[in-house]
Number of protein chains: 2
Amino acid sequence: MGRQTAYVREDAVRSARDVFWREGYEGASMASLQRATGLNASSLYHAFGSKRGLFDAAVEDYLERVVRPGLGSLQDPAVAADALEGYFRAARELFADPSGRTLPDGCLLVNTACSGLARDDGIAEAVRAYRAELGAAFLRGAAARFPTGAADEHERLAETCVALLVSALVMTRVDRGAALASLDAALSHLTTEDTP
Amino acid sequence: MGRQTAYVREDAVRSARDVFWREGYEGASMASLQRATGLNASSLYHAFGSKRGLFDAAVEDYLERVVRPGLGSLQDPAVAADALEGYFRAARELFADPSGRTLPDGCLLVNTACSGLARDDGIAEAVRAYRAELGAAFLRGAAARFPTGAADEHERLAETCVALLVSALVMTRVDRGAALASLDAALSHLTTEDTP
DNA sequence: AGGTCTTTGGAATGATCATTCCACTATAGT
DNA sequence: ACTATAGTGGAATGATCATTCCAAAGACCT
């Protein structure tokens, strides 16, 4: 019953997600979102209710199609000893590649946390969940890397790796060298045999 | 010659700085800046030329009155062994205090790095310089803390501490617990005797 | 083929934005 | 006191913002 949509919702969300990623929530105008998705205001509002609704869909897409695929093997219950190192090696290559598509824009969620939207409870919760997911995955990786280490050492290493990643994601926006230095520090923590 | 200003420039800059800190460059409207400073548009534009000019003055004030005083003893040529630990202890107290005035807003420069303004060359350079200053101070602190350690270990520790601070400054906007965990990890790196 | 329901196009809306302009006020030097 | 100079008040400007509305378009069902 009724007319059918002339576009694929998933494609529209992804296009919008890249605009939000590149320009931030407040910086992304409805005009630029219409341009990127190829939809006009009516369709966008009909499908997502508001700019904020579109943003929420973009965040979900970001988690599902960017964050989780990147985490990859760290999500499995059985984690390889070099899984966390592999994560940072892959990250380093992405950050170093000048043709890297959206990476000079850092992380959609980190950027949002630093924006005015951070004061929105739903957004704050999304960032908390994002960080918790990252922390849990890194903790598994840390425990697999240093099987003889103590739990609090694993916690500290995971915390440190999360911070070095967040720092890289912030700095890549203004200084690629600094971002790479941050990732290298993480790799150094993971390749040095310093279990006492 | 001519009329004299009815306000103190330094006070106006500080008030504006706090608005930018709290709401970000794009989120801070000229109306709210006028309200905070007590000056009207004419005076603001006469004194600073533009919103951007006012923001530049705010960044300078932030570095001079917030960042550098906090760095304190780490700026001296001779650094105490516990200076870096002291820095993070002081930071921890500030972050934990619920009455902390502007700290739930993180860092003016980190927030700016995550905003659309990061693509401005002048702003990017300011963030780079900020991070370099932080890194240099922390490097002195790391070397003083582990006098027998190798230079690259000092580098790694400084890099790690910068990242843990940046991460705390981001996370404090959405999750104070996570921010404190980040600072605690830094303290753990500094209080554990793990020089091989 | 007709009716019903959903999607779409495009213009319109009202709010808010940074910025400018001009008249008015006040000070310092002569 | 007069004048040159500089700061201030307040309204006006034009651009851009998210959002809404209505009429036209298209697809399924009977």
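Chain naming here is simple, since letters A, B, ... match the order of the sequence lines and numbering starts at 1 in each.
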May I have the distance from [X] (atom [atom1]) to [N] (atom [atom2]), rounded to whole angstrom?
{"X": "L33(A)", "N": "dT16(D)", "atom1": "CG", "atom2": "P", "result": "16 Å"}
{"X": "E23(B)", "N": "dA18(C)", "atom1": "CD", "atom2": "P", "result": "11 Å"}
{"X": "Y7(B)", "N": "dA6(D)", "atom1": "OH", "atom2": "P", "result": "14 Å"}
{"X": "L39(B)", "N": "dT25(C)", "atom1": "CG", "atom2": "C1'", "result": "16 Å"}
{"X": "F55(A)", "N": "dC17(D)", "atom1": "CZ", "atom2": "C1'", "result": "18 Å"}
{"X": "E26(B)", "N": "dT16(C)", "atom1": "CD", "atom2": "C1'", "result": "15 Å"}

Residues that D120(A) engages under side-chain hydrogen bond (donor to acceptor under 3.5 Å, both in side chains), provided they are two or more places apart: R52(A)
Note: [X]-[Y] ion pair, threshold 4.0 Å (strictly below):
{"X": "D175(A)", "Y": "R131(B)", "result": "no"}
{"X": "E60(B)", "Y": "R17(B)", "result": "no"}
{"X": "D184(B)", "Y": "R92(B)", "result": "yes"}
{"X": "R128(B)", "Y": "E125(B)", "result": "yes"}
{"X": "D105(B)", "Y": "R119(A)", "result": "yes"}

Short side-chain donor-acceptor distance under 3.5 Å, R156(A) and T192(B): yes
Touch class at under 4.0 angstrom, heavy-atom based, for A47(B) against every strand present: nothing
Residues that E26(B) engages under salt bridge (charged side-chain N to carboxylate O under 4.0 Å, His left out), provided they are two or more places apart: none
Results of salt bridge (charged side-chain N to carboxylate O under 4.0 Å, His left out) for E93(A) - residues two or more places apart only: none
Close side-chain approach of L44(A) to L54(A), heavy-atom, < 4.5 Å: yes
For DNA chain D, the residues among residues 112-122 of chain B that have a non-hydrogen atom under 4.0 Å from it: none
Backbone N/O of A28(B) and side chain of S32(B): donor-acceptor pair under 3.5 Å: no
Distance below 4.0 Å between N40(B) side-chain N/O and dT8(D) OP1 or OP2: no
Restricting both atoms to N or O, compile the protein contacts to nucleotides 19-21 of chain D shorter than 3.5 Å, with distance only.
residue : atom : partner : partner atom : Å
dT19(D) : OP2  : Y45(A)  : OH           : 2.5
dT19(D) : OP2  : K51(A)  : N            : 3.0
dT19(D) : O5'  : Y45(A)  : OH           : 3.1

Upstream residue (5' side of DNA chain C) when G38(A) and A31(B) are each assigned their closest nucleotide: G38(A)
DNA chain D: 5'-proximal contact among S43(B) and S29(A) (nearest heavy atom): S43(B)
Pick out the pairs of N or O atoms, protein on one side and nucleotides 27-30 of chain D on the other, that lie under 3.5 Å.
residue : atom : partner : partner atom : Å
dC28(D) : OP1  : Q4(A)   : OE1          : 3.4

